[in-house]
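Predicted model only: the values in this text are computed from it and were never measured. For the numbers below, each heavy atom of this structure counts, side chains included, while hydrogens, waters and symmetry mates do not.
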Amino acid sequence: MTTSILFVLSGADHWTQSDGSTRVAGFIPEEMGAPHEVFVRSGADIGFASPEGRRPNLDPVGRESSPASPNGKYYGQYCDSIAQEWQSPQKLGAVNAADYDAIMIPGGHAPMEDLYQDPAMGRLLSAAVESGTVIAAVCHGPAALLSATDPDGGWLFAGRRVTALDNEEEKLYGTMEKAPFLLESRLVELGARFEHGPPWLPYVVADERLITGQNPASAGAVANAILTMCDGHGR
């Protein structure tokens with residue numbers, strides 16, 4: 001059977017800073033494009049969802065290759081070539097987690113604006129845990145994990161091993177000073193067992209059916225880890 005993958009993309013086009021100003025934000029092309037390319041090669045069925053079905057924004061900064069996103073230029077063009085797939089996503093609240101083998105959440109700073117506190121995101125993740133759907137996120141994508149609570153009101157992923165863009169990389173990227181919160185710090189504060197590797201190098205953590213990648217360069221490896229965990233087969 002064919003593996004079924006759902007990309008959940010932020011519906012935000014900005015990131016509100018600690019001083020009240022806004023910064024253009026969206027998804028980083030490499031973080032969506034690299035996994036998408038891997039999934040296409042595997043023959044997977046691919047879908048997209050966002051909060052209220054809002055059109056996602058491709059972060060223009062991510063279009064250029066840089067130490068933070070080494071293949072940014074290539075994947076900027078790649079995401080343009082598949083724009084018809086991701087520009088009209090389904091509503092996040094209408095998604096049934098059990099219909100998918102895996103949920104993939106790319107980063108960029110946009111998830112720090114909406115997904116981290118989106119109730120529909122939290123419900124989807126809780127349902128995914130119940131159904132055994134693989135949950136995967138990369139870079140700032142793990143901010144979405146913050147939205148999910150357990151039946152007692154605690155954080156659903158407390159005690160789990162995760163990675164994400166770490167504080168050092170946030171500083172190197174030039175976005176630490178005005179960040180309303182730092183993702184590494186918040187994950188640790190809520191009880192995550194945070195792990196990371198050297199800045200901008202691929203680093204992936206798999207904890208049962210939860211897979212996280214540290215930065216854009218980790219996105220392709222996250223996708224391969226998803227397929228390995230799904231064993232190439234659908235439900």
Side-chain angles (χ1 to χ4, degrees), residues 5-36 46-66 68-69 71-95 103-125 136-148 164-165 169-183 186 213 215-216 218-219 222:
I5 311 288
L6 178 72
F7 279 94
V8 175
L9 297 175
S10 166
D13 60 5
H14 67 278
W15 180 32
T16 304
Q17 304 289 271
S18 58
D19 63 0
S21 64
T22 59
R23 176 188 177 97
V24 173
F27 69 87
I28 297 296
E30 186 163 358
E31 296 175 29
M32 193 272 277
H36 187 280
I46 302 170
F48 290 86
S50 72
E52 299 302 324
R54 288 192 292 272
R55 178 175 171 169
N57 188 51
L58 192 155
D59 192 327
V61 175
R63 285 187 175 278
E64 297 303 320
S65 298
S66 67
S69 183
N71 301 301
K73 187 172 183 180
Y74 170 80
Y75 283 112
Q77 296 170 345
Y78 180 88
C79 290
D80 288 341
S81 74
I82 60 166
Q84 72 281 0
E85 293 187 39
W86 57 264
Q87 287 186 350
S88 299
Q90 60 185 309
K91 292 183 178 181
L92 184 57
V95 171
I103 294 167
M104 174 70 202
I105 311 168
H109 283 103
M112 302 278 280
E113 182 71 22
D114 61 357
L115 295 184
Y116 85 98
Q117 60 180 349
D118 187 278
M121 183 81 259
R123 289 192 295 271
L124 180 65
L125 292 172
V138 63
C139 198
H140 287 94
L145 303 179
L146 301 174
S147 67
L165 194 88
E169 287 168 316
E170 197 78 71
K171 183 176 181 179
L172 291 170
Y173 200 66
T175 46
M176 174 181 272
E177 185 177 344
K178 293 186 178 182
F181 66 90
L182 298 174
L183 185 52
R186 182 63 61 86
N215 45 40
S218 308
V222 168

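Under a 3.5 Å cut-off, the side chain of S147 and the backbone N or O of G122 do form a donor-acceptor pair. Of the possible polar contacts, one joining the N57 side chain to the A25 backbone as a donor-acceptor pair under 3.5 Å is found. The backbone N or O of M121 sits less than 3.5 Å from a side-chain atom of D118, completing a donor-acceptor pair. Side chain of Q90 to main chain of A49: no donor-acceptor pair is present (N/O by atom type, distance under 3.5 Å, no hydrogens or angles). For the pair S50 (side chain) and R54 (backbone), a donor-acceptor distance under 3.5 Å is present.
The local environment of CD in Q84 is crowded, with over 12 non-hydrogen atoms from other residues, nucleotides or ligands closer than 6.0 Å.
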Evaluate side chain to side chain contact (heavy atoms under 4.5 Å, CB included) for Y173 paired with V61, printing each intermediate quantity in order. CA-CA 11 Å; Y173 200 66; V61 175; 3.4 Å; yes
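L9 and W86 get closest at one heavy-atom pair: CD1-CB, 4.1 Å. Heavy atoms only, all atoms of each residue included: A68 and P216 are closest at O-CG, 3.1 Å. In this structure, V24 and P60 approach most closely via the heavy-atom pair CG1-CD, 3.9 Å. Residues L125 and A144 share a closest heavy-atom pair of CD1-O, 3.3 Å. Between A137 and G141, the shortest heavy-atom distance links the atoms CB-C, 3.6 Å. Among all heavy-atom pairs drawn from A164 and P142, the shortest one is CB-CG, 3.8 Å.
The closest side-chain donor-acceptor pair between H36 and Y75, if any, does not fall under 3.5 angstrom. Side-chain contact of E30 with S69: a donor-acceptor pair under 3.5 Å is present, judged by distance alone. A side-chain donor-acceptor contact under 3.5 Å links D114 and S10. Side-chain contact check for T22 and Q17: no donor-acceptor pair (N or O, by modelled atom type) lies under 3.5 Å.
Ring-centre distance between Y116 and H140: not below the 6.0 Å cut-off.
Under 4.0 Å is where a charged nitrogen must lie from a carboxylate oxygen, and between D80 and R63 at least one such pair does.
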